[in-house]
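Small disclaimer: the values here were computed from a predicted structure and weren't measured.
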Amino acid sequence: MKFSYRWFEELVQGLDVPPRELARLITLKTAECEGVEQCGADSIIEVDNKSLTHRPDLWGHYGMAREVAAIFDNKFAKKLVDPVPPRPLSGSPAIGVEIENYSLCPRYSALVFDNVTVRPSPPWIVQRLESVGLNAINNVVDVTNFVMAEIAQPMHAFDAAKLRGGIVVRPALPGERIAALNGETYDLDSSNLVIADAAGAVAIAGVIGGAASAISETTSRIVLESANFNASSVRKTSARLKLRTDASMRFEKAQDPVNTIRGLQRAWELLEQVSPGIRLAGGVTDAYRPLPAIPPIVLPVDWLGRKLGRVVPAAQVRSILESLEFRVEPPEAQRFDAQTFSVFVPSWRATKDISIKDDLVEEVGRMMGYDSITPVAPLAPARVPPANPAREFQHRVREMAAAQGFTEVKNYSFISDDMVRVFGLDPAGHVGVANPIAADQNLLRRTLVPGIWKNVRDNARHFDAFRLFEIGNEIAPEKETPHLTAAIYSKDDGAAALMELKRLSECLLPGVQARPSGETKTYEHPFRAADVICGETCVGRLFEFHPRMVESGRAAALDLDLALLENLQPRALSYRPLRRFPASAFDLSVVAAPRALIQDVQDQLARAGADLLSITFLRDFVLPDGRRSLSYRLTVGASDRTLTLEEAGAIRSCVIESLRLKGYELRL
């Protein structure tokens with residue numbers, strides 16, 4: 001944006017700073033300056049920085065001059081915008097205005113002028129406009145641009161003779177078109193706000209006027225519009241039409257609705273200078289819905305000092321805010337102590353700019369200069385965080401899995417409808433994502449298995465064998481449950497994978513067992529799936545993926561409920577010393593049915609031998625007839641004495657007899 005130094009001189013009384021020095025100080029106080037270039041009798045300060053362009057009031061010389069006056073502690077001349085006494089705008093409106101949606105157009109003000117003479121503008125207006133990058137058109141249009149550059153209020157002039165009836169501010173009708181002032185024709189829809197008369201759209205609200213109602217050399221009666229439009233509506237229209245104008249760039253920053261009357265008063269003053277004999281026809285048309293009163297912001301000075309990191313006297317705080325035209329009530333009037341102010345935000349800073357006391361801290365800080373604040377590291381008390389048993393348990397699970405050779409992976413908590421159906425689940429039973437980051441991530445996962453399966457498939461293309469695990473939440477509509485899902489992949493027969501995963505579960509919770517399940521899921525191998533059980537509680541699932549789920553090789557998976565696993569952890573471990581007395585051992589082979597469970601045999605051995613028997617599994621051998629031969633080494637001994645031959649023989653006989661009673665064939 002470009003600003004005229006001479007314009008600043010008119011607005012700031014007593015400004016005695018060279019243009020380059022002013023540009024440098026504006027850089028320090030408000031924005032970064034690209035450079036200063038001489039332009040005839042004027043100096044132009046060109047500023048390009050978003051800290052400036054996000055402030056709607058700084059899109060005009062008036063707002064920037066207010067900043068300059070505050071920086072140099074000069075008096076701000078407001079007479080150009082608010083004449084004293086103000087020009088009377090009373091009387092019956094000369095044109096009717098109807099606003100269909102006040103949220104899209106908070107205010108629409110207009111004046112009608114007769115006896116207008118359209119001609120080139122005087123040189124001082126042309127030079128002033130062109131110096132800040134605006135083209136001179138004619139005296140009427142130039143006045144609207146002059147006011148826009150001065151107080152950041154975009155305006156528009158219609159040829160009153162070309163309007164059909166009153167003005168209606170409404171959304172565009174389906175299929176409506178408008179020929180604009182730039183020579184282009186635009187197709188509109190209901191998302192575009194337009195200014196219309198009885199014949200149709202005459203302007204695109206906040207963006208550009210229409211050619212059909214444009215000012216020409218034959219114009220003698222004009223309608224001068226000064227309106228306020230919804231910022232996001234103007235932005236969306238401008239983006240859709242691929243048309244950004246000086247007006248739209250200002251409106252999309254949320255301009256001040258109060259500024260519409262100020263704009264009309266200033267334009268009236270200028271029109272009398274550039275079009276002698278011009279007359280006001282009737283009073284002002286001012287359609288608006290009164291905005292709710294803006295409550296004051298309570299600002300404790302000691303709190304402001306803590307926020308800034310330095311002590312700021314209350315008098316200095318008040319002086320800075322008042323120089324920026326905030327109204328600071330005397331503490332006595334608000335019944336506050338001398339260190340607390342009640343600050344009223346001016347209308348031009350209340351549009352998405354200043355709303356909380358933290359915003360006022362920024363105002364005081366930037367005017368003082370942040371270089372005046374000594375950097376100090378914040379003093380924060382160091383406290384031990386409260387214990388989080390669930391997190392600590394998951395850390396132990398993670399360390400155990402890593403110690404077993406597994407690599408941790410992290411997957412998104414989102415899955416697609418197609419992925420849900422691959423695993424035989426119903427998408428309707430999943431929680432949907434209101435704003436998914438991608439089309440294939442529209443549901444929250446109810447199990448970690450799909451993610452680990454995808455990891456297996458992706459890595460199987462590059463590795464012959466690997467181990468993966470993930471710790472995350474399974475998300476159901478009613479709750480979230482932490483789970484561990486681990487997988488082992490191998491391109492060989494993969495026979496050991498299930499046993500390796502079973503060993504991992506035993507490391508995490510001693511005493512767990514794997515029991516075949518009577519029913520398998522669609523993605524599980526029909527004969528290689530089991531429930532992981534601790535006592536009477538099922539804590540997870542151990543299975544091999546169905547061959548159709550893995551293109552090559554074999555993959556097995558372990559899925560454990562970590563919440564159950566944590567609750568079942570043994571709370572106290574007892575010490576058992578090494579056996580001090582001699583023991584005797586004997587080998588035993590048990591012949592069992594082809595589908596017999598090894599765990600059943602071991603449970604029977606443990607019950608028969610009680611605490612005097614330790615069991616070591618040696619091998620599992622398949623006989624020619626399909627039966628299984630399970631070989632064990634049984635060690636008999638006591639912790640407090642040496643057993644006699646008769647006692648050891650009795651235990652051996654008890655074990656053998658108990659197995660025979662259960663129907664097992666023995667090989668001694």
Minimum side-chain heavy-atom gap L623-R628 below 4.5 Å: no

Heavy-atom pair with the smallest gap, counting every atom of P516 and L597: CG-CD2, 3.6 Å

ring-ring contact (aromatic ring centres under 6.0 Å, His included) contacts in which one or both residues fall within residues 413-443, not counting sequence neighbours: F423-W453, F423-Y523

Minimum-distance pair of heavy atoms, taken over all atoms of C538 and D531: SG-CB, 3.9 Å

Evaluation steps, side-chain contact (heavy atoms from CB on, under 4.5 Å), between V449 and F543: CA-CA 11 Å; V449 174; F543 62 92; 4.1 Å; yes

Note, P526 side chain near H546 side chain (heavy atom, < 4.5 Å): yes

Polar side chain donor-acceptor pair, D418 to S416, under 3.5 angstrom: no

Q569 side chain to L508 backbone, donor-acceptor under 3.5 Å: yes

Under 3.5 Å: donor-acceptor pair, side chain of D458, backbone of N455: no

Qualifying salt bridge (charged side-chain N to carboxylate O under 4.0 Å, His left out) pairs, either residue in residues 513-522, two or more places apart: R515-D600, R515-D603

Check: S233 main-chain N/O paired with T237 side-chain donor or acceptor under 3.5 Å: yes

Derivation and outcome, side-chain contact (heavy atoms from CB on, under 4.5 Å), residues R349 and D359: CA-CA 10 Å; R349 299 298 302 276; D359 298 327; over 6 Å; no

Validation row: H525, P547 side chains within 4.5 angstrom (heavy atoms): yes

Any pair counted as salt bridge (charged side-chain N to carboxylate O under 4.0 Å, His left out), so long as it reaches residues 644-662, sequence neighbours left out: R641-E647

Side chain to side chain contact (heavy atoms under 4.5 Å, CB included) against P385, all qualifying residues, sequence neighbours excluded: none

Non-hydrogen side-chain atoms of R289 and P106 separated by less than 4.5 Å: no

Heavy atoms from other residues, nucleotides or ligands near NZ of K242 exceed 12 (cutoff 6.0 Å): no

Stepwise side-chain contact (heavy atoms from CB on, under 4.5 Å) check, V591 with Y664: CA-CA 6 Å; V591 179; Y664 293 108; over 6 Å; no

Atom of G535, atom of I533 and distance for their closest heavy-atom approach: O-CG2, 3.2 Å

Donor-acceptor pairs under 3.5 angstrom involving side-chain atoms of residues 461-478: please list them, not counting sequence neighbours.
from, atom 1, to, atom 2, distance (Å)
R467, NH1, Q404, O, 3.0
R467, NH1, E500, OE1, 3.3
R467, NH2, E500, OE1, 3.1
E470, OE1, N411, ND2, 2.9
E470, OE2, N411, N, 3.1
E470, OE2, R445, NH1, 3.1
N473, ND2, E480, OE1, 3.0
E474, OE1, H483, NE2, 3.3
E474, OE2, H483, ND1, 3.3

Side chain to side chain, L634 and V655, heavy atoms closer than 4.5 Å: yes

Any side-chain heavy-atom pair of M549 and V422 under 4.5 Å: yes

side-chain contact (heavy atoms from CB on, under 4.5 Å) evaluation trace for I488 with F406: CA-CA 8 Å; I488 297 179; F406 289 81; 3.7 Å; yes

Residues K502, E506: salt bridge by 4.0 Å N-O rule: yes

Donor-acceptor contact present, side-chain S248 to main-chain R244, <3.5 Å: no

Spacing of OG1 belonging to T485 relative to CG belonging to L560, to within rounding of 0.5 Å: 8.0 Å

Under 3.5 Å: donor-acceptor pair, side chain of S658, backbone of A608: no

Other residues, nucleotides, ligands: >12 heavy atoms within 6.0 Å of Y412 OH: no

Contacts of type salt bridge (charged side-chain N to carboxylate O under 4.0 Å, His left out), residue D492, not counting sequence neighbours: none

Residue pairs involving residues 376-396 (criterion side-chain hydrogen bond (donor to acceptor under 3.5 Å, both in side chains); sequence neighbours excluded): H395-R398

Residue list, side chain to side chain contact (heavy atoms under 4.5 Å, CB included) with D426, at least two apart or on another chain: A428

Residues in side chain to side chain contact (heavy atoms under 4.5 Å, CB included) contact with N435, at least two apart in sequence or another chain: V433

Non-neighbouring partners of P510 that pass side chain to side chain contact (heavy atoms under 4.5 Å, CB included), sequence neighbours left out: none

Where G432 and L443 come nearest, the two heavy atoms and their spacing: CA-CD2, 4.0 Å

Qualifying ring-ring contact (aromatic ring centres under 6.0 Å, His included) pairs, either residue in residues 624-662, two or more places apart: F617-Y632

Pairs flagged by side-chain hydrogen bond (donor to acceptor under 3.5 Å, both in side chains) wherever residues 549-558 is involved - sequence neighbours left out: R457-E551, Y489-S552, E544-R554

R240 and S191 side chains, donor-acceptor separation under 3.5 Å: no

From OG (S505) to CD (Q513), nearest 0.5 Å: 10.5 Å

Reported CD1-to-CG distance for the pair I437 and N442, which is rounded to 0.5 angstrom: 11.0 Å

Euclidean distance, L299 CG relative to E363 CD, rounded to 0.5 Å: 11.5 Å

Approximate separation, where rounding is to 0.5 Å, of L425 CG and I415 CD1: 7.0 Å

Test item: T537 side-chain N/O and V539 main-chain N/O as donor-acceptor pair under 3.5 Å: no

CZ-OG1 distance between F581 and T642, expressed to the nearest 0.5 angstrom: 6.0 Å

Cationic N near anionic O, under 4.0 Å, D587 to R633: yes

L558 versus L501, closest heavy-atom pair with distance: CD2-O, 3.5 Å

Side-chain touch T374/R310, heavy atoms, less than 4.5 angstrom: no

Test item: T351 side-chain N/O and A254 main-chain N/O as donor-acceptor pair under 3.5 Å: yes

Whether N567 side chain and A563 backbone form a donor-acceptor pair below 3.5 Å: yes

Which atom of R446 lies closest to which atom of G429, heavy atoms considered: NH1-O, 2.8 Å

Over 12 foreign heavy atoms within 6.0 Å of CZ, R580: no

